[in-house]
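The structure appears below as structure tokens.
Everything numeric in this text was worked out from a predicted model, so none of it was measured.
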Amino acid sequence: MSKVLENIKPRHGLNVRLTDRAGIWQCLDKSPKQGGWRMLAVDNEARESGTYAEATYRTMRPHNWDGADE
């Protein structure tokens, strides 16, 4: 049985994992896109897929999330 994860409320400086990218990301600022946030790669694993990304709260999980529950 999988555990249901609650959505995160993004805020400046929050470290998260993204469901569609590897590594740990930090919320930088809101983007012009509805509900979007600009993200900065924090670790080397995240930097392999790019330095910056855009994400919504639906794709954000706690930074200690391992992806096994989805």
Side-chain angles (χ1 to χ4, degrees):
M1 183 188 295
S2 68
K3 185 171 105 179
V4 176
L5 292 172
E6 293 185 24
N7 291 323
I8 289 179
K9 183 173 181 176
R11 62 183 186 277
H12 299 278
L14 180 67
N15 286 343
V16 297
R17 288 195 181 266
L18 302 178
T19 57
D20 58 345
R21 293 182 183 252
I24 298 175
W25 296 83
Q26 185 176 63
C27 297
L28 286 181
D29 197 7
K30 289 186 177 183
S31 73
K33 189 177 189 179
Q34 177 75 20
W37 280 81
R38 291 186 175 126
M39 310 298 290
L40 174 68
V42 173
D43 61 1
N44 288 333
E45 187 179 5
R47 285 186 196 104
E48 289 177 7
S49 63
T51 306
Y52 297 99
E54 190 168 320
T56 64
Y57 74 94
R58 294 177 190 262
T59 61
M60 295 180 192
R61 298 293 181 259
H63 72 279
N64 58 356
W65 174 72
D66 63 3
D69 295 330
E70 285 193 338

Of the non-hydrogen atoms in [X] and [Y], which two are nearest, and what is the gap between them?
{"X": "Ser49", "Y": "Ala22", "result": "OG-O, 4.5 Å"}
{"X": "Gly50", "Y": "Trp25", "result": "O-CH2, 3.3 Å"}
{"X": "Thr59", "Y": "Ala55", "result": "OG1-CB, 3.5 Å"}

| query | Donor-acceptor pair, Arg61 side chain versus Val16 backbone, under 3.5 Å? | reply | no
One should read off an interatomic distance between His63 NE2 and Asp43 CG, to the nearest 0.5 angstrom, of 11.0 Å
So ring pair (Phe, Tyr, Trp, His ring centres under 6.0 Å) across residues 38-60, not counting sequence neighbours, yields none
side-chain contact (heavy atoms from CB on, under 4.5 Å) filter on Arg17, not counting sequence neighbours, yields Ile24, Glu45, Trp65
Residues at least two apart in sequence or cross-chain that pass side-chain hydrogen bond (donor to acceptor under 3.5 Å, both in side chains) with Asp20, listed by chain then number, are none
Can I get a per-line list of side-chain donor-acceptor pairs under 3.5 Å for residues 28-41, giving both atom names and the distance, sequence neighbours left out?
unit_1, atom_1, unit_2, atom_2, d
Ser31, OG, Lys33, N, 3.4
Ser31, OG, Gly36, O, 3.4
Ser31, OG, Glu54, OE2, 3.2

Q) Would you say the side chain of Met60 lies within less than 4.5 Å of the side chain of Leu18, judging by non-hydrogen atoms? A) yes
